[in-house]
Protein chains: 2
Amino acid sequence: MLRKSKQRDTILRAIKNSSNHLGADRVYDLVKKEIPNISLGTIYRNLKLLAQAGEIRELEIPGISSRFDGTTSNHHHLICEKCGRIFDWDELTDPAMEARIAKKTGFKVKARYLKFIGLCYDCQKSSKNS
Amino acid sequence: MLRKSKQRDTILRAIKNSSNHLGADRVYDLVKKEIPNISLGTIYRNLKLLAQAGEIRELEIPGISSRFDGTTSNHHHLICEKCGRIFDWDELTDPAMEARIAKKTGFKVKARYLKFIGLCYDCQKSSKNS
DNA sequence: CTATGTGCAAAATTTTTGCAAGCTT
DNA sequence: AAGCTTGCAAAAATTTTGCACATAG
């Protein structure tokens, strides 16, 4: 059902190739270098489709617009509250917690998102000087 | 620094008294019953201030506007992808993971947010009939 | 050929802000 | 009085959509 399109391919590639977690506007800027007349609407449409298809992951960070992560494997995020950078952390969450959830509430977990808010190494250092 | 105001008190009370996780628009509707001429801007301003003050917690849910949680103790959320309801789950995350994060990256965790996406009990039942 | 994808522009949503007047302390 | 708050309305910022044309399968 999802056809191939130069726009979608380029968008996906931009996200996968970036080590950052890009917002729609950043993706737009990047893709425009290759397809100058692409429209923002196309970016949003494809971001949504790609996220639904499981090709990318949408992240929600307090206060800012959605970011997209080209890594879809189970991993978590460390978000620095000072500089705003997002770091990945690869480690599985405890499956036993999900078992307890299922047992007590009947809720069937399909995905888990763990995010840590705090201060990155760099920002801890710099805040000591102020 | 934070003064007392009828508006802010009412907003906070609305959130604390609700077992749901309200969005700004819902808070607006509720508070308007008590203070008919309150403005949406005031709702947003206070929601942000209260969240910063740690009185409430802002939740980010994929695709929808921010929700606010009157329970600020460490707990997690189960989000049903079908009906959209949000359930609370009280259990601590593994402190050992944070120790490993600190050791490897130097990131200092101040808060953690774990959210589970899946199907609630009711929706699992109803989807079997379709 | 048919259904999906695109660019463009307008619109919808959600959130923020400037300002003059009102409260708190 | 000084400074935080508020209501109002305008503006920003972000995301979605309608439509006619282009393109993939």
Side-chain angles (χ1 to χ4, degrees), chain A residues 1-15 18 20-69 79 81 84 86, chain B residues 1-15 18 20-69 79 81 84 86:
Chain A
M1 58 185 305
L2 261 201
R3 288 183 183 171
K4 201 172 183 336
S5 89
K6 186 173 59 163
Q7 286 82 349
R8 182 146 54 226
D9 289 350
T10 309
I11 290 169
L12 182 56
R13 187 151 26 81
I15 295 174
S18 169
N20 298 315
H21 300 79
L22 307 171
D25 54 334
R26 298 289 300 115
V27 174
Y28 182 48
D29 291 341
L30 283 175
V31 174
K32 234 183 339 191
K33 289 179 185 169
E34 283 192 56
I35 310 177
N37 69 324
I38 196 171
S39 79
L40 231 199
T42 297
I43 302 289
Y44 275 105
R45 266 186 295 241
N46 281 305
L47 252 18
K48 182 175 263 187
L49 288 171
L50 288 168
Q52 284 172 349
E55 303 263 23
I56 61 178
R57 236 175 81 177
E58 183 173 0
L59 312 179
E60 290 81 35
I61 318 291
I64 67 173
S65 57
S66 283
R67 295 300 152 84
F68 295 86
D69 191 335
I79 303 167
E81 63 185 5
I86 305 170
Chain B
M1 58 185 306
L2 262 202
R3 287 184 183 170
K4 204 172 183 336
S5 88
K6 186 172 59 161
Q7 287 82 347
R8 183 147 53 228
D9 288 349
T10 309
I11 291 169
L12 182 56
R13 187 151 27 80
I15 295 175
S18 169
N20 297 316
H21 301 79
L22 307 171
D25 53 336
R26 298 289 300 112
V27 175
Y28 183 47
D29 291 341
L30 284 175
V31 175
K32 238 187 331 195
K33 290 178 185 169
E34 283 192 54
I35 310 176
N37 69 326
I38 195 171
S39 78
L40 232 200
T42 298
I43 302 289
Y44 274 105
R45 266 186 295 240
N46 282 304
L47 251 18
K48 182 175 262 186
L49 287 171
L50 289 168
Q52 285 171 350
E55 303 264 20
I56 61 178
R57 234 175 82 178
E58 181 171 2
L59 310 180
E60 290 81 33
I61 318 291
I64 67 174
S65 57
S66 284
R67 297 298 154 85
F68 295 87
D69 191 335
I79 304 167
E81 62 184 5
I86 304 170

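Throughout, protein chains are lettered first and strands after them, A, B, ... in sequence-line order, and every chain is numbered starting at 1.
Residues passing the side-chain contact (heavy atoms from CB on, under 4.5 Å) test with N20(B) are S18(B), L22(B), sequence neighbours excluded. Shown here are the side-chain hydrogen bond (donor to acceptor under 3.5 Å, both in side chains) partners of Q7(B), two or more places apart in sequence or in another chain: there are none. Applying the side-chain contact (heavy atoms from CB on, under 4.5 Å) rule to I64(B) yields the partners I61(B), R67(B); only residues at least two apart in sequence or on another chain are considered. Checked against salt bridge (charged side-chain N to carboxylate O under 4.0 Å, His left out), R13(B) has the following partners two or more places apart in sequence or in another chain: E34(B). Under the salt bridge (charged side-chain N to carboxylate O under 4.0 Å, His left out) criterion, K4(A) pairs with D9(A), sequence neighbours left out. Annotation: side-chain contact (heavy atoms from CB on, under 4.5 Å) contacts of L2(A) (sequence neighbours excluded): R8(A), L49(A), A53(A). A search for side-chain hydrogen bond (donor to acceptor under 3.5 Å, both in side chains) contacts involving S66(A) returns E58(A), not counting sequence neighbours.
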**Complete:** Heavy-atom contacts, protein to nucleotides 18-25 of chain C, under 4.0 Å, summarised as B (base), S (sugar-phosphate only) or - (none) per nt, yield B-----BS
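The stretch residues 51-58 of chain A does not touch DNA chain D, since none of its heavy atoms comes less than 4.0 Å from the strand.
Side-chain nitrogen and oxygen atoms of S39(B) include none within less than 4.0 Å of the OP1 or OP2 phosphate oxygen of dT6(D).
Taking atom CD on Q7(A) and atom P on dC8(C), their separation rounds to 11 Å, with Å as the unit. Summarising the geometry, the separation between CD1 on I43(A) and P on dT16(D) is reported as 13 Å, rounded to the nearest angstrom. At whole-Å resolution of the value, CG in L12(B) and C1' in dT5(D) are 16 Å apart. The CE-C1' distance, from M1(B) to dA2(D), rounds to 15 Å in whole Å. A straight line from CG of N46(B) to P of dT17(C) spans 15 Å, rounded to a whole angstrom. For K48(A) and dT6(C), the NZ to P distance is 15 Å, given to the nearest whole Å. We find that CG of D9(A) is positioned 15 Å from P of dT23(D), with the value rounded to whole Å. For the pair L2(A) CG and dG5(C) P, the interatomic distance rounds to 6 Å; values are reported in whole Å.
Between N46(B) atom CG and I11(B) atom CD1 the span is 4.0 Å, to the nearest 0.5 Å. If you take OG1 on T10(A) and CD1 on I15(A), they are separated by 11.0 Å, rounding to the nearest 0.5 Å.
For the pair K48(B) and Y44(B), the cation-pi criterion (under 6.0 Å, within 45° of the ring axis) is not fulfilled.
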**Message:** Working note: R57(A) + L59(A), criterion side-chain contact (heavy atoms from CB on, under 4.5 Å); need CA distance, chi angles, decisive distance, verdict.
**Reply:** CA-CA 6 Å; R57(A) 236 175 81 177; L59(A) 312 179; 4.1 Å; yes
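Between the two ends of the helix from dC1(C)-dG25(D) to dT25(C)-dA1(D), each summarised by a five-pair axis, the helix axis turns through 40° (rounded to 10 degrees).
Across the interface with DNA chain C, nearest-nucleotide mapping of L40(B) and I38(A) shows I38(A) to be the residue nearer the 5′ end.
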Which atoms of nucleotides 11-14 of chain D (N or O only) lie under 3.5 Å from a protein N or O atom, and what are those distances?
none

Side-chain donor-acceptor pairs under 3.5 Å in residues 35-42 of chain A, sequence neighbours left out?
from: S39(A); atom 1: OG; to: T42(A); atom 2: N; distance (Å): 3.3
from: S39(A); atom 1: OG; to: T42(A); atom 2: OG1; distance (Å): 3.2

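Of all non-hydrogen atoms in I56(A) and L47(A), the two that sit nearest each other are CD1-O, 3.7 Å. When all heavy atoms of I43(A) and A24(A) are compared, the closest pair comes out as CG2-O, 3.8 Å.
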